[in-house]
Amino acid sequence: MSAVTAVPSWVTPATPALPGRPGASRRTAPASIRRGHLRAVPDLPVLVDAPAPTMHITRRGRLLITLCALLLCLVGGVAGARAAVGGGSAQRYDTVVVQSGQTLSSVAHHAYPQLPIGNAVQRVQAANRLNTLQVFAGEQLRLPR
C-alpha cells in the first residue's frame with residue numbers, strides 16, 4: 001500500500017491558449033519548483049502493541065500456590081479413597097448366620113420389618129457387597145443398624 005501526496009493548487013500543467021482569448025493560459029509554477037505530481041511513499045511497518053504484564057508472582061507465591069494445589073489433591077485423594085472403601089463413618093453392624101431354607105429376602109425382612117422388602121434387601125446387599133440374591137446356609141451376613 002502506498003500513499004499519494006497532494007499537489008499545491010498553484011501548480012497546474014501548462015495548457016495551450018484557451019479558445020476565444022488570445023494569449024490566455026493557465027498559471028503554472030516555475031520549472032525549478034515544479035516536480036512530479038504523484039509520489040510513492042513507502043509502507044510503514046505495522047506495530048502491534050503487546051499488553052504489558054499486570055502481575056508478577058514471586059518465587060514465594062509460586063511455592064505457596066504449588067503447596068495449596070498439592071494439599072487439595074491429597075485431601076481429594078483421601079476423601080475419594082474413603083468413599084470407595086466405604087469407611088467414611090464408623091457404621092455398626094449386626095451379624096446373622098443364614099439358616100437352611102432361608103433366603104436373602106426373608107433375612108432382610110426379619111432384620112428390617114419397617115422397610116419395604118426391596119429396600120431391606122438392597123441394604124443387606126450393599127453392606128455385604130452382594131450382586132445376587134443367592135445366599136447359602138451357614139453364610140454370615142452383616143446387617144447395618
Side-chain angles (χ1 to χ4, degrees), residues 1-18 24-145:
M1 178 186 272
S2 62
V4 178
T5 59
V7 178
S9 64
W10 57 269
V11 177
T12 57
T15 57
L18 296 174
S25 67
R26 293 189 180 174
R27 294 185 331 200
T28 60
S32 62
I33 297 177
R34 190 168 173 203
R35 295 189 180 107
H37 294 291
L38 300 176
R39 292 186 188 171
V41 178
D43 291 337
L44 296 176
V46 177
L47 299 177
V48 177
D49 292 335
T54 58
M55 181 175 68
H56 296 284
I57 299 176
T58 62
R59 182 175 182 216
R60 186 184 307 173
R62 287 190 302 268
L63 180 64
L64 181 66
I65 290 172
T66 304
L67 288 176
C68 287
L70 287 175
L71 182 65
L72 184 64
C73 289
L74 180 68
V75 168
V78 169
R82 278 191 138 183
V85 171
S89 62
Q91 193 171 15
R92 305 181 104 185
Y93 294 99
D94 290 331
T95 305
V96 174
V97 177
V98 178
Q99 301 298 321
S100 176
Q102 277 189 319
T103 62
L104 184 61
S105 300
S106 65
V107 172
H109 180 68
H110 288 295
Y112 305 107
Q114 73 278 9
L115 292 177
I117 293 177
N119 292 350
V121 169
Q122 286 178 351
R123 269 181 115 173
V124 174
Q125 280 181 321
N128 293 287
R129 296 185 184 163
L130 299 174
N131 53 6
T132 65
L133 296 175
Q134 190 173 13
V135 290
F136 301 101
E139 187 175 351
Q140 289 188 348
L141 295 177
R142 298 185 320 174
L143 303 173
R145 291 185 186 177

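Below, all heavy atoms of this structure are taken into account, side chains as well, without hydrogens, waters or symmetry copies.
Taking CZ of Arg123 as the reference point, atom CG of Leu143 lies at 9.5 Å (rounded to 0.5 Å). Summarising the geometry, atom CD belonging to Glu139 is positioned 12.5 Å from atom CD belonging to Gln99; distances are rounded to the nearest 0.5 Å.
With a 4.5 Å cut-off on side-chain heavy atoms, Leu67 and Leu63 count as touching.
Between Pro144 and Ala127, the closest heavy-atom pair is CD-CB, 3.6 Å. Shortest non-hydrogen contact noted between Val124 and Ala108 is CG2-CB, 4.0 Å.
Under the side chain to side chain contact (heavy atoms under 4.5 Å, CB included) rule, Val135 has a single partner from Leu104, Val107, Asn128, which is Leu104.
Listed by chain and residue number, nothing satisfies the salt bridge (charged side-chain N to carboxylate O under 4.0 Å, His left out) test with Arg60 (two or more places apart in sequence, or in another chain).
The closest donor-acceptor contact from the side chain of Gln102 to the backbone of Ala137 lies at 3.5 Å or more, if one exists at all.
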